[in-house]
2 protein chains.
Amino acid sequence: MIDAVTIKEVKLQLGELCKQKRQSYDMSQQDLAEALELSRYTVQKFENGKNATLDTVLKIVNHFDLLGNLYQALKDLEKSNDINSLY
Amino acid sequence: MIDAVTIKEVKLQLGELCKQKRQSYDMSQQDLAEALELSRYTVQKFENGKNATLDTVLKIVNHFDLLGNLYQALKDLEKSNDINSLY
DNA sequence: TATATTTGTGTATTATAATAAACATAAGGA
DNA sequence: TCCTTATGTTTATTATAATACACAAATATA
């Protein structure tokens, strides 16, 4: 039995991904906020797993060149009726 | 040269995915809204590509049993420094 | 055609994400 | 040690997502 992933865990993981990507680009929270025309507080909260808007998330995803990947993943999910198929 | 995906397109695709999944479960917007304790208007706007909160998106993703997939995809992105690597 | 259901839209209100500014703390470099 | 930078947190304000109605327009269904 695999533990179900929670919404909170996904938000925390999203924040971690942002932090890791940001640091790999050698940017501070302030740098990222300015690049995306967001406040540092918004970046700060996002990286710590708080709720955010889709626009904020996608701005960040886009900045790290992951928007195309996300789009393709969504397209794939739409095609397959059941991604968890055993076959 | 591949056209860059826009934030607007991703939001529209997210809405389409929701609509397609919802219909595959034979649910109305009202049904989905009630199941997730959201207003129908919120579901309506999301399906039509409007901005939303991360909580709303993840509630919907979770309802269609895609939260684990999303979590794993985020974990994978964190590990690989460059998902677009040619190697 | 009627009737019911679903979807799209409008308005007003409430809840909350985003912003701006300030300040504390911690870590690192001079 | 001092000075700088980055992060975390607070308070107040603004912008906007979410809600709760209502109603019109499609879209089934009898």
Side-chain angles (χ1 to χ4, degrees), chain A residues 5-67 70-71 74-75 77-78 81, chain B residues 5-67 70-71 74-75 77-78 81:
Chain A
V5 176
T6 65
I7 288 177
K8 184 172 187 61
E9 283 168 337
V10 172
K11 287 191 290 186
L12 285 169
Q13 185 58 33
L14 268 171
E16 270 307 309
L17 179 62
C18 177
K19 182 175 178 180
Q20 195 243 18
K21 285 286 175 185
R22 172 176 64 75
Q23 289 175 336
S24 79
Y25 281 74
D26 212 12
M27 299 175 82
S28 66
Q29 293 177 346
Q30 182 68 37
D31 293 335
L32 183 59
E34 284 176 7
L36 302 180
E37 292 182 303
L38 295 172
S39 71
R40 183 172 69 85
Y41 191 46
T42 297
V43 173
Q44 163 73 15
K45 286 196 307 180
F46 179 68
E47 285 196 353
N48 286 298
K50 305 301 181 188
N51 198 11
T53 60
L54 194 48
D55 274 336
T56 294
V57 179
L58 296 182
K59 271 188 184 180
I60 291 171
V61 167
N62 181 51
H63 187 264
F64 296 126
D65 293 320
L66 299 173
L67 203 57
L70 175 57
Y71 185 76
L74 293 175
K75 282 281 194 187
L77 282 178
E78 198 179 37
N81 258 3
Chain B
V5 176
T6 66
I7 288 177
K8 184 173 188 61
E9 284 167 337
V10 172
K11 286 191 290 186
L12 285 169
Q13 184 58 34
L14 269 170
E16 271 306 308
L17 179 62
C18 176
K19 181 176 179 180
Q20 195 245 15
K21 285 286 176 186
R22 172 175 62 77
Q23 290 177 336
S24 79
Y25 281 72
D26 212 11
M27 300 175 83
S28 67
Q29 292 177 346
Q30 182 67 38
D31 293 335
L32 182 60
E34 284 176 8
L36 303 180
E37 292 182 306
L38 295 172
S39 70
R40 186 174 67 86
Y41 194 47
T42 297
V43 172
Q44 162 73 14
K45 285 195 308 180
F46 178 67
E47 285 196 352
N48 285 297
K50 305 301 181 188
N51 198 12
T53 60
L54 194 48
D55 275 335
T56 294
V57 179
L58 296 183
K59 272 187 185 180
I60 291 170
V61 167
N62 181 51
H63 187 265
F64 296 126
D65 293 319
L66 299 173
L67 203 57
L70 175 58
Y71 185 76
L74 292 174
K75 282 281 194 189
L77 282 177
E78 199 180 36
N81 258 2

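From a predicted model like this one, the values you see are computed outputs, not experimental measurements. Note that these values count all heavy atoms, side chains included, but never hydrogens, waters or copies made by symmetry. Residue numbering restarts at 1 for every chain, and letters A, B, ... go by the order of the sequence lines.
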Problem - SG-CG distance between A/Cys18 and B/Leu74, expressed to the nearest 0.5 angstrom - result: 11.5 Å
Practice task
Please state how far atom NZ in A/Lys11 lies from atom P in C/dT16, giving the value in whole angstrom units.
Solution key: 12 Å
Completion exercise
The bend of the helix from C/dT1-D/dA30 to C/dA30-D/dT1, taken between the axes of its five terminal pairs at each end and rounded to 10°, is 50°
Problem - From CD1 (B/Ile60) to NE2 (B/His63), nearest 0.5 Å - result: 10.0 Å
Exercise for the section: To the nearest Å, give me how far apart CD1 (B/Ile60) and P (D/dA17) are. Expected result: 15 Å
Handout entry: With sequence neighbours excluded, residues passing side chain to side chain contact (heavy atoms under 4.5 Å, CB included) with A/Gln30
Key = A/Ser28, A/Glu34, A/Arg40
Under 3.5 Å, which N/O atoms of the protein pair with N/O atoms of nucleotides 5-8 of chain C?
unit_1: C/dT7; atom_1: OP1; unit_2: B/Arg22; atom_2: NH1; d: 2.7
unit_1: C/dT7; atom_1: OP1; unit_2: B/Arg22; atom_2: NH2; d: 3.2
unit_1: C/dT7; atom_1: OP2; unit_2: B/Gln29; atom_2: N; d: 2.8
unit_1: C/dG8; atom_1: OP2; unit_2: B/Gln29; atom_2: NE2; d: 3.0
unit_1: C/dG8; atom_1: OP2; unit_2: B/Gln44; atom_2: OE1; d: 2.8
unit_1: C/dG8; atom_1: OP2; unit_2: B/Gln44; atom_2: NE2; d: 3.4
unit_1: C/dG8; atom_1: O5'; unit_2: B/Gln44; atom_2: NE2; d: 3.3
unit_1: C/dG8; atom_1: N7; unit_2: B/Arg40; atom_2: NH1; d: 3.2
unit_1: C/dG8; atom_1: O6; unit_2: B/Arg40; atom_2: NH2; d: 2.7

Practice task
Check the distance between C/dT19's P and A/Leu36's CG and give it to me in whole angstrom.
Solution key: 10 Å
Handout entry: Close side-chain approach of A/Leu58 and A/Leu70, heavy atoms under 4.5 Å
Key = yes
Practice task
Give every residue pair that meets the salt bridge (Lys or Arg N to Asp or Glu O under 4.0 Å) criterion with at least one member in residues 41-59 of chain B, sequence neighbours excluded.
Solution key: A/Lys11-B/Asp55, B/Arg22-B/Glu47
Exercise for the section: Could you tell me which residues satisfy side-chain hydrogen bond (donor to acceptor under 3.5 Å, both in side chains) with B/Glu9, sequence neighbours excluded, listed by chain and number? Expected result: B/Thr6
Practice task
Using a cut-off of 6.0 Å, state whether more than 12 heavy atoms not belonging to B/Glu37 lie near its atom CD.
Solution key: no
Handout entry: Nearest listed nucleotide, side chain of A/Tyr41, among C/dT9, C/dA20, D/dA18
Key = C/dA20
Handout entry: B/Ser39 side-chain N/O to D/dA20 phosphate OP1/OP2 under 4.0 Å
Key = no
Handout entry: Point-to-point distance, once rounded to the nearest 0.5 Å, from CD of B/Glu16 to NZ of B/Lys21
Key = 13.5 Å
Exercise for the section: Kindly say if A/Thr56 contacts the phosphate of C/dA17, meaning a side-chain N or O under 4.0 Å from OP1 or OP2. Expected result: no
Kindly give the atom pairs (protein nitrogen or oxygen, nucleotide nitrogen or oxygen) under 3.5 Å for nucleotides 25-30 of chain D.
none

Handout entry: Any residue meeting ring-ring contact (aromatic ring centres under 6.0 Å, His included) with A/Tyr25, in chain and number order, not counting sequence neighbours
Key = A/Phe64
Problem - Protein-nucleotide distance (A/Leu32, atom CG; D/dA6, atom C1'), rounded to Å - result: 14 Å
Handout entry: For atom NZ of A/Lys45 and atom C1' of C/dT19, their distance in whole Å
Key = 10 Å
Handout entry: Atom-to-atom span, CG of A/Leu54 to P of D/dA15 - whole angstrom
Key = 21 Å
Handout entry: Phosphate contact (C/dA17 OP1 or OP2) by A/Thr53 side-chain N/O below 4.0 Å
Key = no
Completion exercise
Here the gap from B/Thr53 atom OG1 to B/Phe46 atom CZ, rounded to the nearest 0.5 Å, amounts to 9.5 Å
Practice task
Please examine the side chains of A/Leu14 and B/Leu54, heavy atoms only from C-beta on, and report whether any two atoms are closer than 4.5 Å.
Solution key: yes
